[in-house]
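Worksheet for the structure shown next.
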There are 2 protein chains.
Amino acid sequence: MKKVTIKDVAKEAGVSPSTVSRVISDSPNISNSTKDKVRSIMKEMGYYPNAIARSLVKQKTRSIGLVMSRPTDRALANPFFSGVIQGIAAVAQEKNYSILLTAADNYEDEYEEALKQLKVGRVDGLVLLASRINDDLIKQLLENNYPFVLIGRSEEFRSIPRVDNDNYMAAYTLVEKLIRSGYKDFSVLAGHKDYVFTGDRLKGVIDALKAHNLNINPDRIEFTDFSFTSAEESAYKILSNFNPDVLIAFDDLLGMAAVQTAEKLGFSIPEQIGIVGFNDHTLISYFKPSLTTVKIPIVEMGQKAISMLIKMLEDTSYKGEEKIISTEIIERESLKFK
Amino acid sequence: MKKVTIKDVAKEAGVSPSTVSRVISDSPNISNSTKDKVRSIMKEMGYYPNAIARSLVKQKTRSIGLVMSRPTDRALANPFFSGVIQGIAAVAQEKNYSILLTAADNYEDEYEEALKQLKVGRVDGLVLLASRINDDLIKQLLENNYPFVLIGRSEEFRSIPRVDNDNYMAAYTLVEKLIRSGYKDFSVLAGHKDYVFTGDRLKGVIDALKAHNLNINPDRIEFTDFSFTSAEESAYKILSNFNPDVLIAFDDLLGMAAVQTAEKLGFSIPEQIGIVGFNDHTLISYFKPSLTTVKIPIVEMGQKAISMLIKMLEDTSYKGEEKIISTEIIERESLKFK
DNA sequence: TTGTAAGCGTTATCAC
DNA sequence: GTGATAACGCTTACAA
């Protein structure tokens with residue numbers, strides 16, 4: 001069960017290891033006859049070039065770290081992350097890269113872990129999936145000139161390689177469309193305050209309202225985490241106190257919680273209150289009434305992010321860019337536009 | 001921005017590379033004074049031992065491949081996989097292993113990819129997350145003596161290292177409890193026929209019924225895939241034709257679809273029909289009526305699987321074992337036991 | 001307690 | 001077209 005190496009193949013084929021190496025990389029200056037011979041022997045002996053040795057001399061691993069930037073358990077509970085992984089994995093496989101999952105229980109460890117994977121040379125670059133962004137990590141990455149692409153946005157660092165949707169505009173556009181549909185009493189079930197997208201979406205909502213001389217009472221904005229009970233509580237506060245005719249939830253999960261709370265309180269949906277979510281998680285198709293939502297093309301964002309990173313790795317003159325993916329409002333049952 | 005190597009550190013510290021290496025591994029026969037000196041220099045120079053070079057000489061990568069054994073998109077749509085990843089990632093991080101995600105669009109590629117990661121020496125072992133099991137992969141792994149642990153069960157290969165819950169017993173026990181509660185007209189919304197657990201759970205259901213001289217008409221068993229529409233259709237067939245008083249869904253997602261279909265057909269839940277799922281996905285807490293379910297401790301299964309694999313890797317005399325994790329019935333609103 | 005040297009499995013440079 | 005040889009960054013006998 002010993003591993004067969006390039007030397008074994010070389011000996012068997014009666015050529016030098018360099019020749020075998022050239023055959024592996026399909027070098028043009030090797031005769032077809034030797035190529036054929038060597039290849040058949042490789043197959044015969046069950047030879048596979050050792051990726052580690054290769055990485056060592058090439059100083060490239062062809063693997064990319066995926067950093068989730070929040071406690072793993074919570075990260076993975078949200079279908080959002082499945083989408084990103086899906087997009088990333090697909091492209092990685094196609095381009096012959098491996099993806100290395102970096103996990104930790106808290107932000108500091110995560111940050112250390114991710115950086116370490118780069119420092120010890122286990123990965124060539126990083127895809128950061130950032131909701132609550134660790135700007136220290138980004139700072140370190142920039143200082144060390146490590147290749148990375150951010151999915152999301154950093155408060156502190158502008159014009160870094162990243163892929164995002166325009167949360168501000170998505171929210172702004174949504175509110176305009178709602179106003180045009182006759183909605184007046186707005187309320188917001190926002191996600192966690194620390195998430196960058198929470199602030200962006202909120203600003204979009206507020207600015208759009210202002211532009212139409214509408215205001216929103218801060219009491220009608222509730223921040224909540226992603227647990228059902230917390231979301232339910234927050235939704236209850238808003239709905240029982242203010243009787244709004246529209247509720248914007250910054251995530252479908254929150255939207256689902258709001259729908260149930262509204263129903264419990266006797267609201268008819270969408271007649272008395274319209275509820276709209278964000279993301280368009282696949283799982284919400286299982287939920288009734290089906291959620292009207294702002295679709296974030298998360299799989300596509302994952303694909304774009306890793307494609308950009310790979311391009312940066314393979315063309316050092318390319319420094320990445322900022323890619324903003326557009327969103328789309330999907331009308332279902334929980335809120336009707338007129 | 002050049003990488004600092006062990007030689008640089010050695011030179012700076014006025015010792016040999018081997019000494020530095022020994023300091024890294026905290027060898028007992030290095031004087032504390034040199035240890036201190038070398039360590040401070042390592043820190044000062046920002047030295048991190050290169051993982052690739054290390055892997056090459058040690059012939060160990062400290063990374064483990066995770067194979068999902070089904071098209072990535074479908075795999076990730078199901079919260080089941082998030083749970084496994086969560087369990088695996090936590091233990092990996094703790095034991096200082098990396099986890100390498102292996103993805104592909106279809107079974108054959110997946111199988112090739114996974115095997116390749118081992119052959120090229122990029123991973124030390126594999127965790128197979130098997131629903132529809134690729135017995136060929138297992139065969140290859142066994143033949144090549146590659147370390148792996150299966151989460152699930154193989155039809156063909158008995159007594160291989162694996163972690164599973166006893167799907168047969170879980171279903172059997174559930175049915176007994178249902179019978180004791182007075183349920184009589186059973187129906188089953190099963191998952192995809194090809195999945196091993198589908199067959200196991202079904203057998204458990206049928207055997208338990210038989211043991212109580214009850215039978216189930218094959219027409220009352222519907223196989224379906226995990227899309228909402230397909231599940232809904234199957235549920236509709238059962239519910240509209242047979243009017244059962246209990247429906248067992250082999251996944252919470254299917255259970256949710258069944259609940260909605262039942263409601264649409266005017267069934268009152270749980271009075272007229274009890275509906276029970278499997279898995280206890282975290283997301284079902286967002287769903288009303290909350291689903292009574294058979295909880296599969298999937299995070300724990302992930303943890304156990306990778307722990308076993310790591311043990312196999314670090315103690316070659318340990319060949320793995322079969323670990324069966326017990327399940328638990330969780331009563332919520334969609335079905336009441338009496 | 002430390003240093004020397006060989007070797008892990010490749011690729012790359014330079015000959016021929 | 002092909003072969004020696006050095007190098008990638010580390011660990012590990014073997015010496016000292």
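Here is the naming used below: chain letters follow the sequence lines, and residue numbers restart at 1 for every chain. Note that this is a predicted model, so its numbers are computed, not measured.
The NZ-P distance, from A:Lys60 to D:dG9, rounds to 13 Å in whole Å. Here D:dT2 presents its C1' atom at 15 Å from CG of A:Asn32, a figure rounded to the nearest Å.
Contact check for B:Lys323 versus B:Met308: side-chain heavy atoms found under the 4.5 Å cut-off. When side chains are defined from C-beta on, B:Gln140 counts as touching B:Tyr111, because their heavy atoms get closer than 4.5 Å.
Comment: A:Lys116 does not engage A:Glu112 in a salt bridge, judged by the lack of any side-chain N to carboxylate O separation of less than 4.0 angstrom. A salt bridge links B:Arg62 and B:Glu314; the closest N-O separation between the charged side-chain nitrogens and carboxylate oxygens is under 4.0 Å. A salt bridge between B:Asp26 and B:Lys35 is present, with a side-chain N of the basic residue lying under 4.0 Å from a carboxylate O of the acidic one.
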May I have the step-by-step check of side-chain contact (heavy atoms from CB on, under 4.5 Å) for A:Met42 and A:Ile24, ending in yes or no?
CA-CA 10 Å; A:Met42 292 196 312; A:Ile24 294 170; 4.2 Å; yes
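Every salt bridge (Lys or Arg N to Asp or Glu O under 4.0 Å) that B:Arg162 has, sequence neighbours left out, goes to B:Asp164, B:Glu322.
Between C:dT2 and B:Thr34, a contact under 4.0 Å exists linking OP1 or OP2 to a side-chain N or O. Contact annotation: A:Ser16 side-chain N/O to D:dA4 OP1/OP2 distance is not under 4.0 Å. Listed pair A:Thr19 / D:dT2 fails the phosphate criterion, with no side-chain N or O lying under 4.0 Å from OP1 or OP2.
The side chain to side chain contact (heavy atoms under 4.5 Å, CB included) test with B:Phe148 is passed by exactly one of B:Leu137, B:Leu128, B:Val127: B:Leu128.
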Once pairs are restricted to Watson-Crick or G-U wobble with both distances under 3.5 Å, how does DNA chain C read as a dot-bracket string, [ ] for crossings and | for other-strand pairs?
||||||||||||||||
Expected string for nucleotides 9-16 of chain C under the B/S/- scheme (protein heavy atoms, under 4.0 Å, primed atoms plus P, OP1, OP2 as sugar-phosphate) is BBBBBB--
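As judged by a 4.0 angstrom heavy-atom cut-off over every strand, A:Ser55 is placed among residues making no nucleic acid contact.
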